[in-house]
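Since the structure comes first, as structure tokens, the remarks are kept for the end.
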Amino acid sequence: MTTFPINTIKHFETPFYYYDLDLLKATLHEMKSCIKGLPYKVHYAVKANANPRILHEIKEAGLSIDCVSGGEIVAALAAGFKGDTIAFAGVGKTDKEIALGINHDIFCFNVESVPELEVINEIAATKGKTANVALRVNPNIDAHTHKYITTGLSENKFGINLEQLDAAVDKALALPDVNFMGLHFHIGSQLLDFTPYKMLCERINELQDHFESRGIKLKIINVGGGLGIDYDNPDGNPIPDFKGYFDTFKQHLRLREGQELHFELGRAIVGQCGTLISRVLYVKNGTTKNFIIVDAGMTDLIRPALYQAHHVAQNITSAATETTQYDIVGPICESSDKFASDETLPVTRRGDLLAFRSAGAYGEVMAMQYNCRKLPSAHFSRE
Ligand SMILES: *Cc1c(COP(=O)(O)O)cnc(C)c1O
């Protein structure tokens, strides 16, 4: 459970992210213990949080890495990750980004279309290299998560549709300067129900049987990420259900001899270790609502505005025993700049610190400077 060293942090300029590195460590430890002895490899999805201190901690734990842009490849290399642990995904890789990946002999490009495959082949040829590729398949599975974070339906922009997969695999096998490694999937994010993963395993089993009947072997299967965290109860469930997650694949996915199963987890690794801490600027008692106006806004944590996400809010400095219901809003000139409606909090005053929990993933990394604001800073439980 994360505790906040109030006497230290009350002097910091707000808003800021506070990272509990012991929780991050414990999370990584639990994750690794669940895959011990299995032919499983976990890539950390940098896009969830690219803070260098966080990346360092994850690199020390020995994870591989998953990037979705050239900038993320640069960040991963700067943090000490080796090129041959990088998986590189994304529907719109530029020539420059592809060249960067090839220069660093990355583990694998997760290729999202046949035209992209041709460009990778061409760029690899000019460098006299062979690029490892996996094809990202759109398995048409509904992850039943928020529509903005569902990625595995045929209407989504991601991956190659099942109908076009045979032709794409043939192309990958025929091109001289790419090395076909296998198939990649990523069906969505913040999944707490494992049924969609079970369906994904069954889809993969069918595909493997199909390709084997055609004499095509897959060296790797990459099932992406998406394991969710408990946003409602960060202290009760600080570490996600890694065991249930990996067991689903162990039970349902028929891996072949010598085959490796790769995962790309972001949120599950860093989500619970981060908190956004803000100061209460004003408490405004209206006619129908009481508002708490804090100095953090959607520019610091956009998830509530973007996905209607809810982060548990705690007043970490109030000693009041009486509670009231508040709407918690930020200072940005947008009505969507709102953290919570009717949140029950101890009676709150100007100057109190409010903590928005479970903000380690897709928080700091999505911060922006709209309204000419400063980006939030970051502090750690250990420096
Ligand atoms: C975003 C993303 C991930 C990580 O998703 P999480 O929900 O944070 O685990 C993994 N793979 C790909 C291809 C992604 O785009």
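The model shown is predicted, which means the values in this text are computed figures rather than measured ones. Whatever order the structure lists ligands and atoms in, that order sets their numbers, starting from 1.
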Short list, please: which atoms of ligand 1 are under 4.0 Å from a heavy atom of G266? 6 (P), 8 (O), 9 (O)

Any cation-pi pair here, K93 with F109, using under 6.0 Å and within 45°? no

Would you say A48 and ligand 1 have an N/O pair spaced under 3.5 Å apart? no

Would you say the side chains of Y40 and E260 form a donor-acceptor pair under 3.5 Å? no

Counting from 1, what ligand 1 atoms have a heavy atom of Y362 closer than 4.0 Å? 1 (C), 4 (C), 5 (O), 6 (P), 8 (O)

For V294, which of L353, D352, I328, L281 qualifies under side-chain contact (heavy atoms from CB on, under 4.5 Å)? I328

Quick check: S189 and ligand 1, any N/O pair under 3.5 Å apart? yes

Need the ligand 1 atom indices (1-based, order shown) with element for anything under 4.0 Å from a heavy-atom of D66. 10 (C), 11 (N), 12 (C)

Contacting atoms of ligand 1, where contact means under 4.0 angstrom from a heavy atom of R267: 6 (P), 8 (O), 9 (O)

Ring centres under 6.0 angstrom apart (H43, F263): no

Return the minimal non-hydrogen interatomic distance between V46 and C67, and the atom names on each side. CG2-SG, 4.0 Å

Contact atoms of ligand 1, heavy-atom distance to A45 under 4.0 Å: 3 (C), 4 (C)

Counting only heavy atoms, tell me which of K47, H186, E264 gets closest to atom 2 (C) of ligand 1. K47

